[in-house]
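Below is one structure, written out as structure tokens, with a few remarks after it.
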Amino acid sequence: MTTGTVVGGGPNGLAAAITLAQAGVDVTLLEASKTVGGGVRSYEGIVPGLIHDHCAAIHPMAVGSPFLVGLDLERHGLRWLSAELDCVHPLDSGDAGVLHRSVEDTAAGMGVDGAVWRALFASSVAHFDDLTEDIMGPLLRFPHHPFRMARFGAPTVLPAAVVARAFRTPTARALWGGIAAHTFRPLDQPLTSAIGLGIGAAGHRYGWQVAEGGSGSIIAALETTLVELGGAVETGVRIDRAEQLPDADVTLFDLDPRSVARILGDRLPRRAARGLERFRYGPGAFKVDFAVDGGVPWTNPDAHRAGTVHLGGEFAEVAANERAIHVGRMPERPFVLVGQQYLADPTRSVGDIHPVWSYAHVPNGYAGDATEAIITQIERFAPGFRDRIVGTSVCSTAEMPHYNSNFVGGDINTGAKDPVQLVFGPRVTLEPYSLGIAGMYICSAATPPGPAAHGMCGANAAQRALKALRR
Ligand SMILES: Cc1cc2nc3c(=O)[nH]c(=O)nc-3n(C[C@H](O)[C@H](O)[C@H](O)COP(=O)(O)OP(=O)(O)OC[C@H]3O[C@@H](n4cnc5c(N)ncnc54)[C@H](O)[C@@H]3O)c2cc1C
């Protein structure tokens, strides 16, 4: 029987293991932590019964993931839920950019800027299910839908700052800026529109949904599926050296590229080793979970109905702060993302005490404490927030890699999304999952299509491995 090992049990490791098991491979997944899940775990804490997402919280890329959809995870209890509004970006004026599920509703709320929003998203959202085939895998291959892909792809090469100039109102410009900032890059650089357009289109198609009971429910359903297919899961097993790897016909690493290079050492061909060792990381995240009595007292009424709230002021301020963290400078008022998953999923709250998720964009490896900066940024748009805090749980940028060594220096995207890494993946090659050794592959979020809880990196890498085995 063909045997397989997967190192690392994040969503991509689980997806790789499931794909191998579905093909009849005898697969074992090895995970360093006590539980699988990587960046998609949840925990109960601060107040007994309150449910927080450790990392990933909002899932526009997972809901329609062809891999996840094909597994019918609802059988194992996964339920997607939406807040009334997907995302709100409030400004000091009290106004806000408002992202609705529908392109039309969003455009209608934007007044003179509605036409620009429609031009950016209407066509790609209408054909998103076709586009998924092309954007949820390596970009450097002939697309299944070349004309649709060309239409979607053309604006992605633009700097987000150039797209922002098409908007006339500060609210629309800021809404776009907050979504584009998910790329963790200076917004005046080429291709910084790509991630914003991708998340934006996926969100309009499927919603910025959350998993009932916490993001960990996605992982629980994946783990059950793997075990049901005969796969084995071993936790508390950290692989640091190639000698620890069990003999197997295929081995897939759900790890950051430099860790793979360290583990495989001189077994890697020189060119592959050099590529992986030179892999570049992006800025970091500083995470704070809050228990909040009565929720966040937002000034803007729409923010009370939104699953996600982006805090960073107008586009120019967001752009300046994203540039600062890129060059290693901590801004006074960093870009902050706030998650109010409980609005979609009340099971996460205890009475009127609600779990509020947040993180700030900070420099890679930031050694300071950004808790106060996050609270101050929330207070700016929700005066009185501080008085409602019942408790906090902090995962600093320095602590994040101890929690999950894939998040080097707090880089939650598993690598800088600069043009070369965005287009090629972990190294410059047309085979982004290959490690240049027969039977060995990398399948983490450093590979296409990149970060989020969609599992597509793992599924794609495992398909490559299976194809090579059949040759
Ligand atoms: C604060 C934060 C917020 C985020 N928000 C979102 C969000 O809202 N929506 C979204 O879609 N995504 C979000 N993400 C990103 C998302 O979590 C990641 O893109 C995703 O988890 C990547 O999956 P992965 O399988 O590639 O790797 P990971 O989830 O990083 O999993 C890798 C696994 O490998 C294990 N491992 C590492 N080294 C070894 C070793 N040597 N031996 C054995 N095991 C090892 C780790 O313990 C871990 O379990 C967020 C991440 C963070 C940190």
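No experiment lies behind these values; they were computed from the predicted model shown. One-based numbering along the sequence shown. Counting convention: from 1, in listed order, for ligands and their atoms alike. Heavy atoms only: backbone and side chains are in, while hydrogens, waters and symmetry mates are out.
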Quiz: residues 51-59 side-chain donor-acceptor pairs under 3.5 angstrom, not counting sequence neighbours:
from : atom 1 : to   : atom 2 : distance (Å)
H52  : NE2    : G45  : O      : 3.3
D53  : OD1    : S42  : OG     : 2.9
D53  : OD1    : S215 : N      : 2.8
D53  : OD2    : Q341 : NE2    : 3.0
D53  : OD2    : R348 : NH1    : 2.8
H59  : NE2    : A57  : O      : 3.4
H59  : NE2    : S215 : OG     : 2.8

* **Test: K467 and E431 ion pair at under 4.0 Å** => no
Identify each donor-acceptor pair in which a side-chain atom of residues 439-448 lies under 3.5 Å from a protein atom, sequence neighbours left out, and give them as a table.
from : atom 1 : to   : atom 2 : distance (Å)
S444 : OG     : L255 : O      : 2.8
S444 : OG     : A446 : N      : 3.3
T447 : OG1    : S444 : O      : 2.6

* Taking atom CD of E74 as the centre, does the number of heavy atoms from other residues, nucleotides or ligands within less than 6.0 Å exceed 12? -> yes
* Answer with yes or no after comparing the ring centroid distance for H454 and F67 against a 6.0 Å cut-off, counting only values under it. =>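 Not close enough - the centres of the two rings lie 6.0 Å or further apart.
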* Set of ring-ring contact (aromatic ring centres under 6.0 Å, His included) partners for F121, sequence neighbours left out -> W117, H204
Are there any N/O pairs under 3.5 Å between ligand 1 and the protein, and if so, what are their distances?
from     : atom 1 : to   : atom 2 : distance (Å)
ligand 1 : 8 (O)  : A57  : N      : 3.0
ligand 1 : 8 (O)  : I58  : N      : 3.1
ligand 1 : 8 (O)  : I58  : O      : 3.4
ligand 1 : 9 (N)  : I58  : O      : 2.8
ligand 1 : 11 (O) : A453 : N      : 3.3
ligand 1 : 17 (O) : G39  : O      : 3.0
ligand 1 : 19 (O) : A452 : N      : 2.8
ligand 1 : 25 (O) : P11  : N      : 3.2
ligand 1 : 25 (O) : N12  : N      : 2.8
ligand 1 : 25 (O) : D254 : OD1    : 3.0
ligand 1 : 25 (O) : D254 : OD2    : 2.8
ligand 1 : 26 (O) : N12  : ND2    : 2.8
ligand 1 : 26 (O) : D254 : OD1    : 3.0
ligand 1 : 26 (O) : A445 : N      : 2.9
ligand 1 : 27 (O) : D254 : OD1    : 3.4
ligand 1 : 29 (O) : G39  : N      : 2.8
ligand 1 : 30 (O) : N404 : ND2    : 2.7
ligand 1 : 30 (O) : N406 : ND2    : 3.4
ligand 1 : 38 (N) : S405 : OG     : 3.1
ligand 1 : 41 (N) : R238 : NH1    : 3.3
ligand 1 : 41 (N) : I239 : O      : 2.8
ligand 1 : 42 (N) : I239 : N      : 3.1
ligand 1 : 44 (N) : A32  : N      : 3.1
ligand 1 : 47 (O) : E31  : OE2    : 2.7
ligand 1 : 49 (O) : E31  : OE1    : 2.7
ligand 1 : 49 (O) : E31  : OE2    : 3.1
ligand 1 : 49 (O) : G38  : N      : 3.3

